[in-house]
Enquirer: 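First the structure, then my questions, so here it is.
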Amino acid sequence: MVPFDVEQVLSELTLEEKASLTSGADSWHTTAVPRLGVPSVMVSDGPHGLRKQDTVLGGPSLASNVPATCFPTAAALGSSWDPALLRRVGEALGRETRAHDVAVLLGPGVNIKRTPLCGRNFEYVAEDPHVAGVLAAALVEGIQSQGVGTSLKHFAANNQETDRMRVSADVDERTLREIYLPAFEHVVTQAGPWTVMCSYNRINGVYASQDTWLLTRVLRDEWGFDGLVVSDWGAVRDRVRALEAGLDLQMPAVGPRPDEEVAAAVRDGLLDEAALDRSARRALHLAARALPADGDPSTLDLDAHHALAREAAAAGTVLLRNEPVDGAPLLPLAGTAGLLVVGELARTPRYQGSGSSQVTPTRLDDALGALRAVDPTIAFAPGFTVAGGPDGDDDALLAQAVEAARTAGTVVAFLGLPGPDESEGYDRPRLGLPDSQLRLLAALTEANPRVVVVLANGSAVSVTPWRDDVAAVLETWLGGQAGGSAVADVLLGAREPGGRLTETIPLRLEDTPAFGNFPGEAGRVRYGEGVLVGYRWYDTRDLPVAYPFGHGLGYTTFAYDDLRVDVHEEGADVRLDVAVTVTNTGDRAGRAVVQVYVRDPEAAVMRPTRELRAFAPIDLEPGASRDVTFTLGARALAYWHPGLRRWAVEGGRFVVEVGASSRDLRASAVVDVVGEPLWGELTGDSTLAEWMEHPVGSQVLAAALEGAALPDLDPTVAAMVAQMPLRVIADLGVQGLTPQAVDALVAAAR
Ligand code: BGC
């Protein structure tokens, strides 16, 4: 039931009251209008758990929150490639949000992982917009199914933390449309988030909070967003410009930019009152759709949420490598006899990153405790110290661990990035693990051939050169409060490592797409790699990588056979029906993540070698087969035409590839697609070649030149002339082609 009539209230609000609705009441609340029954509603971070601060207005620390389930971070959740799982996690997040009387959970984040060094990558889903969009939409649907809202963030092109509050992301439109915007577009159009949060940064010089193109033309006019746009905390520079651009709610409380400034701008004719009404109306809608604050945390089944967090952490764990030692792969472990656990991170886990997403967990599992619950005799050596763990001398700890490793049956080494390396507000200082851990690992592998590495980090770490020296590598990301028990499940084979990489693990920082264009200089960062982000970069440039996008081993194997691709319709209506038969060829039940990539080998623009367009996680019993089908629409084939400034399906050959990673393609099919007409408008500046390719232009030009004495050009000169604008050719003097004739041709070609 709507508690008040939005239009009625809007008509009764004073100018000052309307202005007050467009800013927060404090750090976490919207402004109420008690005389008209408009309540204040509370918002809280997000994205992988509820961070509801205990104290209003700037709690003492980021960790001072009501306890809530800390689910795996987006890096881990994303690696599950499992929309149904994300929906269930979303439902649990929504239940906790609702029970604590919070109306909007500030997440998820769908910024693209442009560089592994972005300090906030752990909060983001993928280097690929399709995976990010599909998974985030499922999470939003889950959260919002509980009657609370979400805030899709950080819109847009917020791909680094260095200078995030000022830096201008200088990106061409095609790259924005193909890489940085589609995940937002998918979530907005498919899942309808209640709010979208604009980012701090500028895009091509314009603050996101003041960008009419972004907040109104693209978000609302093109994608049909009808919710509220909230600023990131402190992202508004000029309230009046921001309101005009389509920013509705400045958060947190106004501080130096009071509501009075907005009211005065209307009075002085500097801001159209209709713009203020528009935003006040959206703020009223948000307050009206929020449920009454009568939630009850005691109704929550926190055990069930913890169990779900455990399931999700295992589902997001990626088995990067599992080589045979003594004739068999080390994982899953054959048993716990002779097992040595090394690494303080097994006892003092890293399970989330720093910053506004930091949840105060309801409980915390550690891997050592979980393994010892199965077998209390499992040996442990800390090997190194970490912040927050017991003190010690790293050299002595290393020596002690290596001594124990000499006689151990199998060594499981828990390694990872130090907590301060990964945070909101600044970027990572390095790609590799700390030297103390690398020294330890080198000594362990000298001492024992049976070493498994378990990694905890929020974004790719360098695994060179050590990956070849260890038998198995498990990437757990930052797995949330149940990550410790989940990794025990995976090591012991109680669960599969369900994850696949949503970000490439590079061999070297120097190979990464943004290298040389990150983090920018003098307030600007140039996205010089264009659309070649993530695997699009490595695959197009044919660069070696440590582990490719989409990679992840399970405890069984799969075959992909009988790929069928049927083309229906053409141009903007084209549709591809794709089917492939997947068979579990191993002797355990397991999951395949079937990935469909499209390549367009002949195009008028540079296109990445392949782009992920669909995927499906498939569970199969040993020996079982299933036909997996996909439908690809025109967007799966289209590129953003920089001249026409719209999506365009260019006709010709397309290759559909199906496989288990961007570099493990098991089947491919070539199809011919009839494209749409892509003729731009001809002008005097269009080249002779462009006139000749244009269906009308070529005819009117041929008619105009009929009978003219044209010089007989040799092929090289003819090729040069083909690239000349028609007007230049006219200026150089060709019979029948005067500047006036060119104007007439332009008119005739329309
Ligand atoms: C972060 C947002 C967060 C907000 C509120 C900002 O610094 O960028 O992601 O939701 O703070 O804590």
Enquirer: Return the set of residues passing ring-ring contact (aromatic ring centres under 6.0 Å, His included) with H130 (not counting sequence neighbours), or none when no residue passes.
Expert: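 Residues passing ring-ring contact (aromatic ring centres under 6.0 Å, His included) with H130: F615.
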Enquirer: Using the test ring-ring contact (aromatic ring centres under 6.0 Å, His included), find all partners of W647 that sit at least two apart in sequence or belong to another chain.
Expert: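 W647 satisfies ring-ring contact (aromatic ring centres under 6.0 Å, His included) with W640 only.
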Enquirer: Name all residues meeting the salt bridge (charged side-chain N to carboxylate O under 4.0 Å, His left out) criterion together with E161; count only those two or more places apart in sequence or in a different chain, and write none if there are none.
Expert: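 Checked E161 against salt bridge (charged side-chain N to carboxylate O under 4.0 Å, His left out); matches are R164.
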Enquirer: Applying ring-ring contact (aromatic ring centres under 6.0 Å, His included), name anything that partners F155, two or more places apart in sequence or on another chain.
Expert: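 Applying ring-ring contact (aromatic ring centres under 6.0 Å, His included) to F155 gives F184, W223.
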Enquirer: With sequence neighbours left out, what residues match S40 under side-chain hydrogen bond (donor to acceptor under 3.5 Å, both in side chains)?
Expert: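 side-chain hydrogen bond (donor to acceptor under 3.5 Å, both in side chains) check on S40 returns nothing, list empty.
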Enquirer: Is there any salt bridge (Lys or Arg N to Asp or Glu O under 4.0 Å) pair reaching into residues 516-529, and which pairs are they, with sequence neighbours excluded?
Expert: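 Every salt bridge (Lys or Arg N to Asp or Glu O under 4.0 Å) pair that includes a residue of residues 516-529, provided the two are not neighbours, is R114-E529, D170-R524.
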Enquirer: Which pairs would a plain distance check flag for residues 144-151, meaning a side-chain donor or acceptor within less than 3.5 Å of a matching protein atom at least two apart in sequence or in another chain?
Expert:
from, atom 1, to, atom 2, distance (Å)
Q144, OE1, T150, N, 3.2
Q144, OE1, T150, OG1, 2.8
Q144, OE1, W194, N, 2.8
Q144, NE2, G192, O, 3.0
S145, OG, G142, O, 2.6
S151, OG, T195, OG1, 2.7

Enquirer: Between H641 and R174, is there a side-chain donor-acceptor contact under 3.5 Å, judged purely by atom types and distance?
Expert: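 On atom types as modelled, these side chains do not qualify, holding no pair under 3.5 Å.
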Enquirer: Once ring-ring contact (aromatic ring centres under 6.0 Å, His included) is applied, do any residues pair with Y180, and if so which ones, sequence neighbours excluded?
Expert: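 Residues passing ring-ring contact (aromatic ring centres under 6.0 Å, His included) with Y180: Y527.
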Enquirer: Any salt bridge linking E424 with R120? Criterion: basic side-chain nitrogen under 4.0 Å from a carboxylate oxygen.
Expert: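 The answer is yes: the pair qualifies as a salt bridge.
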Enquirer: Quick one: salt bridge (charged side-chain N to carboxylate O under 4.0 Å, His left out) partners of E173, sequence neighbours excluded?
Expert: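 With neighbours one apart ignored, the set is R177, R645.
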Enquirer: Verify the distance criterion only: is there a donor paired with an acceptor across the side chains of Y351 and H48 at less than 3.5 Å?
Expert: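 Note: Y351 and H48 side chains miss the donor-acceptor criterion.
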Enquirer: Would you mind listing every salt bridge (Lys or Arg N to Asp or Glu O under 4.0 Å) that reaches into residues 144-155, with sequence neighbours excluded?
Expert: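 The answer is D45-K153.
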Enquirer: What pairs meet the salt bridge (Lys or Arg N to Asp or Glu O under 4.0 Å) rule with one or both residues in residues 184-197, with sequence neighbours excluded?
Expert: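 For residues 184-197: E185-R635.
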Enquirer: Not counting sequence neighbours, list each pair that qualifies as a side chain to side chain donor-acceptor pair (under 3.5 Å) and has a residue in residues 269-284.
Expert: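 Non-adjacent pairs meeting side chain to side chain donor-acceptor pair (under 3.5 Å): E7-R281, K18-E273, K18-D277, D248-S279, D248-R282.
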